[in-house]
Student: 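The structure under discussion is supplied below as structure tokens; questions concerning it will follow.
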Amino acid sequence: MLELLLNGEGETLALASALADAFAPGDLIGLEGGLGAGKTTFARGAIHALGVPATTAVTSPTFALVHQYEGRFPIAHADFYRLNEGAELEELGIDELLEEGCVLFVEWGRKFPSVASRASLWVELEIVSDEARRVRLHPQGERGEELIAGLSARL
Ligand SMILES: Nc1ncnc2c1ncn2[C@@H]1O[C@H](COP(=O)(O)OP(=O)(O)OP(=O)(O)O)[C@@H](O)[C@H]1O
Ligand SMILES: [Mg+2]
């Protein structure tokens, strides 16, 4: 586990961007933390770093559930806040997105075992003050360790 303090949105975007350098097709990144903690902000930083033009807005997929982008790889950004635990994730095509080579960001995914088991990295954000967030990076499996290896050198 790696813990950092992020002073301002810019630092969250920079961390996301540094991590994104290591992301590759099939990676599932879980974003956790309460309302307004910065999950979508983190996803925005990573998605732009993955080659989606800065002019393309990255917004919350709360209502659409999944937004898709084309960067260096296909990218999907999901938000399952509105889904209850019994929801049929198969219908959302999460496995297909990963098999198609998407990098997948999922907010509120921990409550779904099929998402949780496939995550390589959990990014857990916590509100400290108006502008400050604490982030804990929890790698899962070998791939997770790869994703955070050498991160401090990239920051
Ligand atoms: N250090 C910071 N990192 C990220 N966001 C910050 C930071 N400081 C302030 N903010 C603000 O906090 C808000 C975070 O909103 P964001 O939509 O990213 O949260 P979220 O975790 O996705 O919320 P939700 O649960 O509603 O999806 C933004 O308005 C952002 O500008
Ligand atoms: Mg969000």
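Read the numbers this way: they start at 1 and go in the same order the structure lists the ligands and their atoms. Side chains are part of it too, since the values below use all heavy atoms of this structure and drop only hydrogens, waters and symmetry mates.
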Student: Within ligand 1, which atoms have a heavy atom of Leu6 less than 4.0 Å away?
Tutor: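 Going through ligand 1 atom by atom, the ones under 4.0 Å from Leu6 are 1 (N).
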Student: For atom 26 (O) of ligand 1, what's the nearest protein heavy atom and its distance?
Tutor: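 Protein heavy atom with the smallest distance to atom 26 (O) of ligand 1: Leu35 CD2, 3.6 Å.
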Student: Is there a heavy atom of Glu11 sitting under 4.0 angstrom from any atom of ligand 1?
Tutor: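 No, Glu11 has no heavy atom closer than 4.0 Å to ligand 1.
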Student: Test side chain to side chain contact (heavy atoms under 4.5 Å, CB included) on Leu83 and Phe112 and set out the steps.
Tutor: CA-CA 10 Å; Leu83 292 186; Phe112 300 103; 3.7 Å; yes
Student: Sort by chain and number the protein N/O/S atoms found under 2.8 Å from the Mg ion (ligand 2).
Tutor: Thr40 OG1, Glu107 OE1
Student: Among Arg134, Glu107, Arg133, whose heavy atom sits nearest atom 2 (C) of ligand 1?
Tutor: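 Answer by nearest heavy atom: Arg133.
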Student: What atoms of ligand 1 come closer than 4.0 angstrom to any heavy atom of Gly34?
Tutor: 21 (O), 25 (O)
Student: My question is simple, although I want it checked carefully: is atom 29 (O) of ligand 1 less than 4.0 angstrom from any protein heavy atom?
Tutor: no
Student: Starting from the C-alpha separation in whole Å, work towards a yes-or-no answer on side chain to side chain contact (heavy atoms under 4.5 Å, CB included) for Thr40 and Thr59.
Tutor: CA-CA 7 Å; Thr40 298; Thr59 56; 6.0 Å; no
Student: Could you tell me, atom by atom, which parts of ligand 1 come under 4.0 Å of a heavy atom of Gly8?
Tutor: 1 (N), 2 (C)
Student: Same cluster or not: Leu4 versus Leu147, using hydrophobic residues (I, L, V, M, F, W, Y) connected whenever any side-chain heavy atoms lie under 4.5 Å apart?
Tutor: yes
Student: Does Asp79 come within less than 4.0 Å of Lys39, counting only side-chain N to carboxylate O?
Tutor: no
Student: Look at atom 31 (O) of ligand 1 and say which protein heavy atom is nearest, naming residue and atom and giving the distance to 0.1 Å.
Tutor: Glu9 OE1, 2.3 Å
Student: Looking only at protein heavy atoms, identify the closest one to atom 5 (N) of ligand 1 and say how far it is in Å.
Tutor: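 Answer for atom 5 (N) of ligand 1: Thr41 OG1, 4.0 Å.
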Student: Does this structure show an ion pair linking Glu126 with Arg136, if we count only N-O contacts that are shorter than 4.0 Å?
Tutor: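 Salt bridge present between Glu126 and Arg136.
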Student: Run the side chain to side chain contact (heavy atoms under 4.5 Å, CB included) check on Ile127 and Arg133 step by step: do they pass?
Tutor: CA-CA 5 Å; Ile127 298 179; Arg133 303 291 186 266; 3.9 Å; yes
Student: Strictly under 4.0 Å, does any heavy atom of Phe42 approach an atom of ligand 1?
Tutor: no
Student: Is the closest side-chain donor-acceptor distance between Trp122 and Glu32 under 3.5 Å?
Tutor: no
Student: If you take the nearest heavy atom of each of Thr62, Thr12, Asp130, which one is closest to atom 9 (C) of ligand 1?
Tutor: Asp130
Student: Which protein non-hydrogen atom lies closest to atom 13 (C) of ligand 1, naming both residue and atom, and how far is it?
Tutor: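 Answer for atom 13 (C) of ligand 1: Gly36 O, 3.8 Å.
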